[in-house]
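When reading the values below, keep in mind they use all heavy atoms of this one structure, side chains included, and skip hydrogens, waters and symmetry mates. Below, read A as the first sequence line, B as the second, and so on, with proteins coming before strands; counting in each chain starts at 1.
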2 protein chains.
Amino acid sequence: MGPMNPAAATTPDLSTGPSSPVQEAWALLRNLLFIERRRFLSAAAEYDLHPAQAGALMQLERDEGLPMHEIASLLACDSSNVTGIVDRLEARGLVTRRVSERDRRVKQIVPTELGLEVRDALRARMAQVPEGLGLLSAGDQRLLRDLLARALAASA
Amino acid sequence: MGPMNPAAATTPDLSTGPSSPVQEAWALLRNLLFIERRRFLSAAAEYDLHPAQAGALMQLERDEGLPMHEIASLLACDSSNVTGIVDRLEARGLVTRRVSERDRRVKQIVPTELGLEVRDALRARMAQVPEGLGLLSAGDQRLLRDLLARALAASA
DNA sequence: TATTGTTATACTCTATAACTATA
DNA sequence: TATAGTTATAGAGTATAACAATA
């Protein structure tokens with residue numbers, strides 16, 4: 001067991017729900033994220049990819065190698081896992097390993113043409129706008145985009 | 001390999017990015033989701049819980065049993081997995097199994113006091129509002145909440 | 001010395017299928 | 001007959017530690 005957060009034990013009614021507008025907004029967003037997770041899992045399953053494999057493949061760009069340790073960083077996992085993940089993607093002809101010219105320790109992972117097709121299909125599935133957002137008026141949609149752009153620009 | 005989507009192969013520039021405001025809004029939200037996933041993983045790891053264990057624990061309510069097949073549905077996994085996940089939560093004293101009085105096939109999973117403490121700590125971590133949202137003006141925060149409430153109400 | 005990727009190990013998650021007990 | 005949960009099995013993800021190659 002990890003360290004317990006003392007504050008959590010003494011703060012009552014954490015499950016009662018959010019109170020401030022921004023907390024309510026964040027709670028709504030987490031609902032959306034929860035739904036989105038399921039869509040990602042089913043999209044990956046449709047192409048017989050495990051979530052980690054799909055996640056790695058979706059990061060790759062045409063004609064650009066991505067070092068394995070960067071994939072590990074994006075997937076938030078240890079580098080040793082990437083070996084197996086890339087092994088399986090490579091065995092299915094979706095990616096290739098290419099030794100970096102600048103640093104011969106590094107292996108660049110490059111998508112094949114087949115890999116790019118699957119990647120694009122996955123990206124297209126995830127790019128589909130959730131029903132609720134699509135039902136907003138055009139004005140509200142622009143408003144939402146502008147708010148989010150402002151929020152993410154502020155944190156960058 | 002799953003079935004290939006013919007449309008994906010013939011649609012150019014899927015990686016060029018979104019075009020309409022709502023597509024842009026959705027792309028921004030997916031960035032937020034990506035960050036959120038990492039926060040969930042590190043919160044679970046802090047309490048020595050695997051993601052599935054943390055996900056299950058976070059769904060439980062005090063004095064309310066949750067049937068194992070409902071946990072499977074929430075986690076989007078097969079029921080057979082829930083046996084092991086609950087086994088490990090139970091071995092650590094975080095939950096208990098209780099045979100349902102109405103249907104003796106069903107086992108209700110109930111959090112212990114320790115389980116509730118860990119659950120609350122996890123929920124508190126996930127309830128923390130991302131930096132960018134917190135930096136919005138009070139008016140923008142209300143606007144964002146209202147927009148999202150409208151969007152999710154429309155899809156329900 | 002530090003970093004990149006690999007291997008070995010142990011544990012967990014995952015789906016499938018077969019089983020039981022209950023309904 | 002159908003459903004809830006378990007078990008067995010096989011394949012994959014995960015972290016840790018030790019290692020070789022390279023920087």
Enquirer: How would you summarise protein contacts on nucleotides 12-20 of chain D per nucleotide, using B for base, S for sugar-phosphate only and - for none, with heavy-atom distances below 4.0 Å?
Expert: SSBBBB---
Enquirer: Can you sort out the partners of A:Ser73 under side-chain contact (heavy atoms from CB on, under 4.5 Å), two or more places apart, ordered by chain and number?
Expert: none
Enquirer: With a 4.0 Å cut-off, would you call A:Glu36 and B:Arg37 a salt bridge?
Expert: no
Enquirer: Under the side-chain hydrogen bond (donor to acceptor under 3.5 Å, both in side chains) rule, collect the residues that match up with A:Asp146, sequence neighbours excluded.
Expert: none
Enquirer: Under the side-chain contact (heavy atoms from CB on, under 4.5 Å) rule, collect the residues that match up with A:Arg125, sequence neighbours excluded.
Expert: A:Ser42, A:Ala43, A:Glu46, A:Gln128
Enquirer: Restricting to side-chain contact (heavy atoms from CB on, under 4.5 Å), what partner residues turn up for A:Glu113, sequence neighbours left out?
Expert: A:Arg62, A:Leu116
Enquirer: Under 4.0 Å, heavy atom to any atom of DNA chain C: which of residues 97-109 of chain A qualify?
Expert: A:Arg97, A:Arg105, A:Val106, A:Lys107
Enquirer: For A:Leu66, check side-chain contact (heavy atoms from CB on, under 4.5 Å) against everything at least two apart and list the hits.
Expert: A:Gln59, A:Leu60, A:Glu70, A:Ile71, A:Leu74
Enquirer: Going by atom type alone, with no hydrogens or angles, which donor-acceptor pairs under 3.5 Å involve a side-chain atom of residues 133-140 of chain B and a protein atom two or more places apart or on another chain?
Expert:
{"from": "B:Ser137", "atom 1": "OG", "to": "B:Asp140", "atom 2": "N", "distance (Å)": "3.1"}
{"from": "B:Asp140", "atom 1": "OD1", "to": "A:Arg150", "atom 2": "NH1", "distance (Å)": "3.4"}
{"from": "B:Asp140", "atom 1": "OD2", "to": "A:Arg150", "atom 2": "NH1", "distance (Å)": "2.3"}

Enquirer: Got a sec? Which of residues 65-73 of chain B come in under 4.0 Å of DNA chain C, heavy atoms?
Expert: none
Enquirer: Is any side-chain N of the basic residue among A:Arg123 and A:Glu61 closer than 4.0 Å to the acidic one's carboxylate O?
Expert: yes
Enquirer: Test of understanding: with salt bridge (charged side-chain N to carboxylate O under 4.0 Å, His left out), list the residues that count as partners of A:Asp78, not counting sequence neighbours.
Expert: none
Enquirer: Walking along DNA chain C from 5' to 3', note the first and the last nucleotide with an atom under 4.0 Å from a heavy atom of chain B, and give both.
Expert: C:dT12 to C:dA23
Enquirer: The criterion is side-chain hydrogen bond (donor to acceptor under 3.5 Å, both in side chains); which residues satisfy it with A:Arg98, sequence neighbours excluded?
Expert: none
Enquirer: Using a 3.5 Å distance criterion without hydrogens, assess whether the side chain of B:Thr112 forms a donor-acceptor pair with backbone atoms of B:Leu94.
Expert: yes
Enquirer: Before accepting this row, confirm whether a basic side-chain N of the pair A:Asp87/A:Arg97 lies closer than 4.0 Å to the acidic partner's carboxylate O.
Expert: yes
